[in-house]
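See structure below.
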Amino acid sequence: MVNDNPFIMIAGEVHNSSASTIEYMKPLFPKLKRMNLNSVFVTLAWEQFEPKEGVYDYTLVDAIIENAKKNDLKVCLLWFASWKNGESSYTPLWVKKDTKRFFRVKTKEGKAIETMSPFCEATKIADAKAFAILMKHVKEVDTAQTVILMQPQNEVGMFQDIDYNKVALDLYEKEVPKALITYLKKNKKHLKDYVRNTWAKSKFKTTGTWKEVFGDTPEAKAFFTTWQYATYINYGAKAGRKAYNLPMMVNSWIVQKPEDLPGMYPNGGPVSRVMDIWKAAAPDIDILSPDIYLSNFKEIIAMYHRDDNPLLVPESKAEVGRAFYAFGEHDAICFSPFGIEDAADNFVFTKSYEVLNEVQHLVKKYQGTGKMHAVLQENGDTYKDFYMGDWKVKVMYEKPNEPSFGIIIQENENEFLVIGMNMSIYFYSEVKNSIGYIGQVFEGGYENEKWITTRMMNGDETYHNSRLRVFGRKFKTEKDIVKITKKEGEPDAYSPSTKEVITTPGIYKVITYIR
């Protein structure tokens with residue numbers, strides 16, 4: 001909710017260093033607005049915010065807010081501080097140099113690596129102090145509520161099974177915190193398999209050390225490490241929210257393969273396996289989010305969309321069909337590809353985001369009602385069936401080498417709205433002894449949330465209303481295409497040049513009837 005109104009973030013995350021100077025960021029924000037974003041994820045580094053201990057530089061955060069406001073963009077600030085991608089390169093030099101006060105993670109061989117230890121109280125307190133001062137400043141200067149979301153840290157975790165510092169190993173031999181046991185008992189029936197099955201091996205013990213409750217296993221070390229990262233980050237989030245109570249989310253470098261052990265991915269982050277540990281340890285974090293670069297996008301977001309966890313995708317490939325699927329099928333509140341400025345020349349992406357803005361009033365209206373579904377061709381699948389009221393809807397993906405995706409909304413019993421491209425859709429009646437058919441199809445769009453018809457489709461365009469053919473909107477580019485034709489024994493011959501045609505999502509109204 002932004003200014004008491006529902007808001008979905010049609011967003012993008014800029015590269016890590018894109019907001020590191022005023023000069024570099026200034027031309028960036030108008031570009032993002034032209035790409036039809038309404039929100040942007042922007043990095044603010046602890047090393048630049050507090051270059052000397054107790055000395056704070058507000059230059060960059062003020063510039064981020066000012067440039068975003070000028071371009072009518074909302075902001076999620078990414079606090080790159082103790083960790084970023086399991087490393088600690090964004091901590092201030094005064095922290096990096098003092099290895100005794102701000103100690104590092106230790107390997108099994110006893111080597112201190114460059115990653116800050118989540119067991120170091122001094123780092124936790126210093127980080128939280130700076131974050132709270134940042135939040136206090138944002139509250140004071142951001143009177144237009146340009147910043148609507150905060151992300152403390154980024155893709156946290158360590159690339160090993162446990163921190164071999166003495167303080168960590170000593171804690172591992174102590175009792176599992178009561179707060180975690182209380183959560184596990186309360187939510188026993190709903191725990192995800194990774195946590196539940198591990199706990200079950202001890203016959204669901206409710207007292208004891210980490211090894212006694214969860215076994216002498218990689219999972220026990222993972223739960224212990226996860227608890228520490230989550231409580232550390234929650235400490236900072238709580239301090240920040242006390243200064244300015246904005247929503248907080250954390251993102252995850254997700255498990256790459258099911259057989260991966262903790263440490264092959266950053267161990268301690270909010271991967272889907274240990275979301276229950278995070279929920280118990282970090283009550284001041286509202287949302288746990290996946291960064292998705294793998295091809296099984298639909299499977300991954302289903303893991304993160306829970307009753308206690310709305311779907312928010314802060315990083316992804318710039319495959320715009322993913323945005324339609326997340327908003328339409330999983331009631332997402334945000335979709336945000338990483339390195340978004342790299343997609344500035346991607347015509348399909350920009351026009352697709354334009355369509356999402358065009359229909360966002362409907363997406364917000366129908367999220368959570370059960371009257372909206374979405375489809376996305378992924379990994380060679382050819383069709384998708386689902387049910388809406390008295391209708392079975394069959395979506396056939398068309399050209400296999402072009403994006404195929406869409407959102408289907410049931411506006412009334414026999415009226416559907418379809419947003420997307422490269423699909424054929426069939427409507428079948430589920431009423432016994434009846435036949436369902438398409439009555440009329442209208443292509444068009446919305447201007448100021450009002451429907452405008454551009455053409456009525458029948459005959460060849462719908463195969464006489466046997467199906468909805470989701471052509472999408474066609475645009476001719478300025479680029480000439482010269483076709484080369486050649487017969488055996490003859491020189492090359494050139495056909496007249498034509499303009500390249502690019503397809504982007506279209507919007508259709510479908511009236512059905514049952515007989």
Side-chain angles (χ1 to χ4, degrees), residues 298 321 324-325 327-331 352 355-356 358-378 380-400 402-447 449-474 501 503-515:
K298 293 187 285 189
F324 283 69
Y325 187 80
F327 288 126
E329 187 68 12
H330 283 282
D331 300 336
S352 298
V355 170
L356 278 174
E358 193 176 330
V359 299
Q360 68 166 297
H361 65 290
L362 295 168
V363 172
K364 289 184 286 191
K365 177 181 177 181
Y366 285 100
Q367 280 188 337
T369 65
K371 295 182 179 181
M372 179 167 63
H373 282 287
V375 293
L376 172 66
Q377 185 178 34
E378 182 182 84
D381 50 354
T382 58
Y383 75 96
K384 174 68 176 178
D385 292 344
F386 52 89
Y387 298 88
M388 304 184 82
D390 291 334
W391 294 91
K392 176 183 176 180
V393 181
K394 176 181 281 292
V395 178
M396 301 294 298
Y397 304 123
E398 295 294 337
K399 301 174 184 177
E402 296 181 14
S404 182
F405 57 85
I407 296 172
I408 299 92
I409 298 171
Q410 187 175 25
E411 294 190 290
N412 287 302
E413 183 179 350
N414 295 312
E415 295 184 15
F416 296 84
L417 184 77
V418 177
I419 310 114
M421 59 183 284
N422 194 20
M423 303 179 293
S424 286
I425 303 180
Y426 301 79
F427 296 85
Y428 302 106
S429 172
E430 285 294 296
V431 178
K432 190 175 181 179
N433 300 322
S434 71
I435 296 174
Y437 217 72
I438 293 174
Q440 294 176 313
V441 174
F442 302 92
E443 185 178 50
Y446 287 89
E447 294 182 9
E449 302 184 5
K450 182 181 178 181
W451 172 258
I452 305 293
T453 297
T454 55
R455 67 170 171 167
M456 183 176 180
M457 297 169 61
N458 204 325
D460 296 343
E461 277 63 58
T462 62
Y463 294 143
H464 299 283
N465 287 349
S466 64
R467 71 202 69 171
L468 167 64
R469 299 176 71 192
V470 184
F471 297 103
R473 295 173 179 172
K474 306 290 185 181
V501 176
T503 303
T504 67
I507 307 175
Y508 305 83
K509 278 186 176 288
V510 181
I511 311 300
T512 59
Y513 67 96
I514 295 175
R515 59 179 175 85

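No hydrogens, no waters, no symmetry mates; every other heavy atom, side chains included, goes into these values. Not measured: the values here are computed from a predicted model.
Phe386 has its side chain within reach of Val395: a pair of non-hydrogen atoms, C-beta onward, lies under 4.5 Å apart. With a 4.5 Å cut-off on side-chain heavy atoms, Asn458 and Asn465 count as touching. Here the side chains of Arg473 and Ile507 are in contact, with some heavy-atom distance below 4.5 Å.
The minimum heavy-atom distance between Gly445 and Glu358, with the atom names listed, is CA-OE2, 3.1 Å. Closest non-hydrogen pair, Ser404 versus Tyr397, comes out as OG-CD2, 3.1 Å. Considering all non-hydrogen atoms of both residues, Tyr428 and Lys394 come closest at CE1-CB, 4.0 Å. Nearest heavy atom pair, residue Phe324 against residue Pro505, reads CZ-CG, 3.9 Å. Between Val470 and Gly420 the shortest heavy-atom distance is CG1-O, 3.3 Å. Taking both residues in full, the closest heavy atoms of Ile425 and Met423 are given as CD1-CE, 4.2 Å, listed atom of the first, atom of the second, then distance.
For the atom pair Thr369 OG1 and Asp331 CG, the distance stands at 8.0 Å (nearest 0.5 Å). Of the inter-residue distances, the one linking Met421 atom CE with Lys399 atom NZ reads 8.5 Å to the nearest 0.5 angstrom. Atom CD of residue Glu461 and atom CZ of residue Arg469 lie 7.0 Å apart, to the nearest 0.5 angstrom. Of the inter-residue distances, the one linking Gln410 atom CD with Tyr366 atom OH reads 9.0 Å to the nearest 0.5 angstrom. Note: Ile407 CD1 to Leu362 CG = 9.5 Å, rounded to the nearest 0.5 Å. In this structure, the separation between CD1 on Ile419 and CG on Leu356 is 8.5 Å, given to the nearest 0.5 Å.
The environment of Lys509 atom NZ is dense: over 12 non-hydrogen atoms of other residues, nucleotides or ligands sit within 6.0 angstrom. The number of heavy atoms from other shown groups lying within 6.0 Å of OH (Tyr463) does not exceed 12. Enclosure of atom NZ in Lys474 by more than 12 non-hydrogen atoms of other residues, nucleotides or ligands within 6.0 angstrom is indicated. In this structure, Glu415 places its CD atom where more than 12 heavy-atom neighbours from other residues, nucleotides or ligands lie under 6.0 Å away. More than 12 heavy atoms of other residues, nucleotides or ligands sit less than 6.0 Å from atom NZ of Lys364.
Counting only distance, with no hydrogens or angles, the side chain of Gln377 and the backbone of Asp381 share a donor-acceptor pair below 3.5 Å. At least one donor-acceptor pair under 3.5 Å links the side chain of Thr512 to the backbone N or O of Asn414.
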**Item:** Chi angles and distances behind the side-chain contact (heavy atoms from CB on, under 4.5 Å) call for Gln367, Met372
**Value:** CA-CA 7 Å; Gln367 280 188 337; Met372 179 167 63; 3.5 Å; yes
**Request:** Output, in order, the C-alpha distance, side-chain angles, deciding distance and verdict of salt bridge (Lys or Arg N to Asp or Glu O under 4.0 Å) for Glu430 and Lys392.
**Result:** CA-CA 6 Å; Glu430 285 294 296; Lys392 176 183 176 180; 5.9 Å; no
**Request:** Please report the C-alpha distance between Thr503 and Asn422 in whole Å, then the side-chain angles of each, then the deciding distance to 0.1 Å, and finally whether the side-chain contact (heavy atoms from CB on, under 4.5 Å) criterion is met.
**Result:** CA-CA 9 Å; Thr503 303; Asn422 194 20; over 6 Å; no
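Geometrically, Lys298 engages Tyr325 in a cation-pi contact, judged by NZ or CZ lying under 6.0 Å from the ring centre and within 45° of the ring axis.
Phe427 and Trp391 have perpendicular rings, their planes meeting at more than 60° on a 0 to 90° scale where under 30° would count as parallel. Taking the six-membered ring for Trp and thresholds of 30 and 60 degrees, Tyr446 and Trp451 have ring planes more than 60 degrees apart, a perpendicular arrangement.
Under the 3.5 Å distance criterion, with hydrogens and angles disregarded, a donor-acceptor pair is assigned to the side chains of Ser424 and Glu398.
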